[in-house]
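Shown next, in structure tokens, is the structure this report addresses.
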Protein chains: 2
Amino acid sequence: MAQPRRAPASVPLDRERIVAAALDRIDRTGLNEFSVRVLARDLGVYPTAVSWHVGTRAELLAEVVSLALKDVTPPRRRRWQDWVRELMSRYRNALHRHPNVAPLLSAQLVSNAGVSMEIADALVGVLSSAGFEGKSLVRAHNAILGAMIGWVGLELAPQSLSAGGAAEAIDRLRDRLDNLDPASHAALLSHREVLFNKAFVLRWESGATNPLDDSFNAFVHALVAGIGVMLARSRHPDSEIP
Amino acid sequence: MAQPRRAPASVPLDRERIVAAALDRIDRTGLNEFSVRVLARDLGVYPTAVSWHVGTRAELLAEVVSLALKDVTPPRRRRWQDWVRELMSRYRNALHRHPNVAPLLSAQLVSNAGVSMEIADALVGVLSSAGFEGKSLVRAHNAILGAMIGWVGLELAPQSLSAGGAAEAIDRLRDRLDNLDPASHAALLSHREVLFNKAFVLRWESGATNPLDDSFNAFVHALVAGIGVMLARSRHPDSEIP
DNA sequence: ACCTGAACACCGTTCAAGT
DNA sequence: ACCTGAACACCGTTCAAGT
């Protein structure tokens with residue numbers, strides 16, 4: 001366990017193999033158990049060998065994100081609404097294949113991955129040719145990316161803050177929900193059958209094992225509809241947003 | 001620097017003081033520089049004394065979140081739309097006062113804070129008395145909380161993945177944006193004046209120093225409008241979402 | 001160019017001991 | 001009940017040395 005798992009390979013290490021191994025490790029045991037040192041063990045190599053190839057831990061994780069988000073940018077579509085919906089669901093699908101990567105996107109980096117730059121360029125292209133310009137372009141861009149990255153990040157948030165007590169944290173939350181004070185949480189309790197383990201804050205399983213498909217689709221539809229209203233209003237600017 | 005900053009206080013430590021000191025430390029130097037050990041130093045005490053009062057690091061951080069989110073639940077309103085908008089902007093305001101706490105909410109925990117349970121109960125109450133029920137209640141709940149927590153989390157995401165290179169990370173991103181390949185990023189470049197440092201993925205400052213007020217307001221309005229459409233449709237269920 | 005190996009300054013948590 | 005103090009098993013990164 002303390003020794004490298006493989007004998008030092010004859011084939012020399014390279015960036016690509018390291019990043020792939022890192023994503024694999026994260027997929028299997030999560031971000032909490034991931035470290036440069038265990039990755040080095042996986043590769044049968046000293047930790048400093050990893051650093052030599054990929055630089056710092058932060059740079060490595062940025063590349064992991066890029067790898068997980070490959071091929072999310074959709075091809076062109078006739079209607080911008082269809083393209084946006086497809087972008088959001090492709091993004092979500094990619095992260096559902098690598099749920100443990102999600103925290104890196106929603107919280108830890110203001111994005112640096114080349115992939116997200118590609119997405120941004122495509123989105124701006126679609127929006128601007130749909131008639132969004134100036135302020136309304138910025139608004140739509142931020143609404144869509146913020147909603148997409150943020151919502152999915154929350155859906156896939158891990159259940160425990162730190163290593164170890166995943167199962168234990170679940171039990172604690174279930175306990176709390178079972179013993180809610182009826183006086184202060186009347187609304188929750190009267191809708192418990194429909195809400196529990198299906199609604200944010202009230203579920204004990206992450207979206208990785210308990211996906212919120214229906215809610216996501218409804219969210220995407222509502223958002224796109226709302227942005228459509230925004231666009232229509234920006235075309236006759238006498239009626240301002242209240 | 002390696003010694004406790006204060007002499008051991010005569011007043012004994014307690015939970016409340018520890019949590020307040022932790023929030024204060026996080027506000028001042030961020031999550032990366034925060035550790036149980038530096039908090040103990042701030043309090044003039046050994047690290048294990050902290051653990052004795054608040055338990056594990058994860059439990060401490062959960063309490064920090066609760067403290068930062070005090071008083072976000074709005075009072076009742078006539079229209080559910082007004083209440084939801086107020087909830088979202090109160091939540092955002094609270095986190096803008098404690099931006100370094102944001103990563104804890106959007107990524108790290110599936111929520112355990114008692115405060116978020118209070119918010120959920122109030123939200124369910126407002127939505128159900130507005131006519132949302134069953135599936136559409138779950139959908140609206142998840143759309144609103146996912147949008148709120150997720151969007152603000154992204155807005156306030158720190159610029160660097162890890163300690164140290166904040167300023168350096170900013171420079172790198174600015175460089176990348178200045179040297180974008182015009183062939184593959186034509187759309188971005190033709191709208192650069194309006195997008196750069198004002199749009200997700202294309203900004204180098206976090207929302208803590210560069211808030212996205214206008215985009216947030218537009219987002220909230222678009223979302224509430226879209227959810228309104230959802231509600232209207234659920235009332236004559238013959239017309240399904242396409 | 002690529003990797004070993006030791007070292008540095010940190011972590012969170014456990015466990016015994018003091019008062 | 002509350003805190004000290006030492007110890008354990010980790011971190012990421014630096015720096016010199018090997019080949």
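Quick note on labels: first sequence line is chain A, next is B, and so on, each numbered from 1. Every heavy atom of this structure was used, including side-chain atoms; hydrogens, water molecules and symmetry mates were not.
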| message | Side chain of Ser35(B) only, heavy atoms from C-beta on: which candidate in dG12(C), dG12(D), dA1(C) is closest? | response | dG12(C)
| query | NA contact type, Val38(A), heavy-atom cut-off 4.0 Å: base, sugar-phosphate, or nothing? | reply | sugar-phosphate
| request: Specify the residue among Arg37(B) and Leu13(B) whose closest nucleotide of DNA chain D lies further upstream toward the 5′ end. | output: Leu13(B)
| message | Just the rounded figure in Å: distance from C1' of dT13(D) to CG of Leu61(A). | response | 15 Å
| query | Would one find a side-chain N or O of Tyr46(A) under 4.0 angstrom from OP1 or OP2 of dC3(C)? | reply | no
| Just how far, in rounded Å, is C1' of dC3(C) from CZ of Arg41(A)? | 18 Å
| request: Using side chain to side chain contact (heavy atoms under 4.5 Å, CB included) as the criterion, list what pairs up with Ser35(A), not counting sequence neighbours. | output: Arg37(A), Val38(A)
| What is the distance, rounded to the nearest whole Å, between atom CG of Leu39(B) and atom P of dC3(D)? | 13 Å
| field | Along DNA chain C (nearest heavy atom to each residue), the more 5'-positioned of Pro47(B) and Trp52(A) | value | Trp52(A)
| 5'-to-3' dot-bracket of DNA chain D (Watson-Crick, G-U; under 3.5 angstrom; crossing pairs as [ ]; | other strand) | ||.|||||...|||||.||
| message | Check this for me, if you would: do Asp178(A) and Arg192(A) make a salt bridge, where the nitrogen-to-carboxylate-oxygen distance has to be below 4.0 angstrom? | response | yes
| field | Check: Asn197(B) side chain, Leu202(B) main-chain N or O, donor-acceptor pair, under 3.5 Å | value | no
| query | OP1 or OP2 of dA1(D) sitting under 4.0 Å from any side-chain N/O of His53(B)? | reply | no
| request: Round to the nearest Å and state the distance from Arg15(A) atom CZ to dC3(C) atom C1'. | output: 17 Å
| said: The criterion is side chain to side chain contact (heavy atoms under 4.5 Å, CB included); which residues satisfy it with Val126(B), sequence neighbours excluded? | reply: Arg76(B), Trp80(B), Trp83(B)
| remark: Hits for side chain to side chain contact (heavy atoms under 4.5 Å, CB included) against Asp181(A), two or more places apart or cross-chain, chain-then-number order -> Ala183(A), Ser184(A), His185(A)
Between the protein and nucleotides 14-19 of chain D, are there any N/O to N/O pairs under 3.5 Å, and if so, what are the atom names and distances?
none

| Does dT13(D) have OP1 or OP2 sitting under 4.0 Å from an N or O in the side chain of Thr56(A)? | yes
| Can you tell me how far C1' of dC3(D) sits from CZ of Arg17(B), to the nearest Å? | 13 Å
| said: Run the ring pair (Phe, Tyr, Trp, His ring centres under 6.0 Å) test against Phe216(A) and tell me which residues pass, sequence neighbours left out. | reply: Trp151(A)
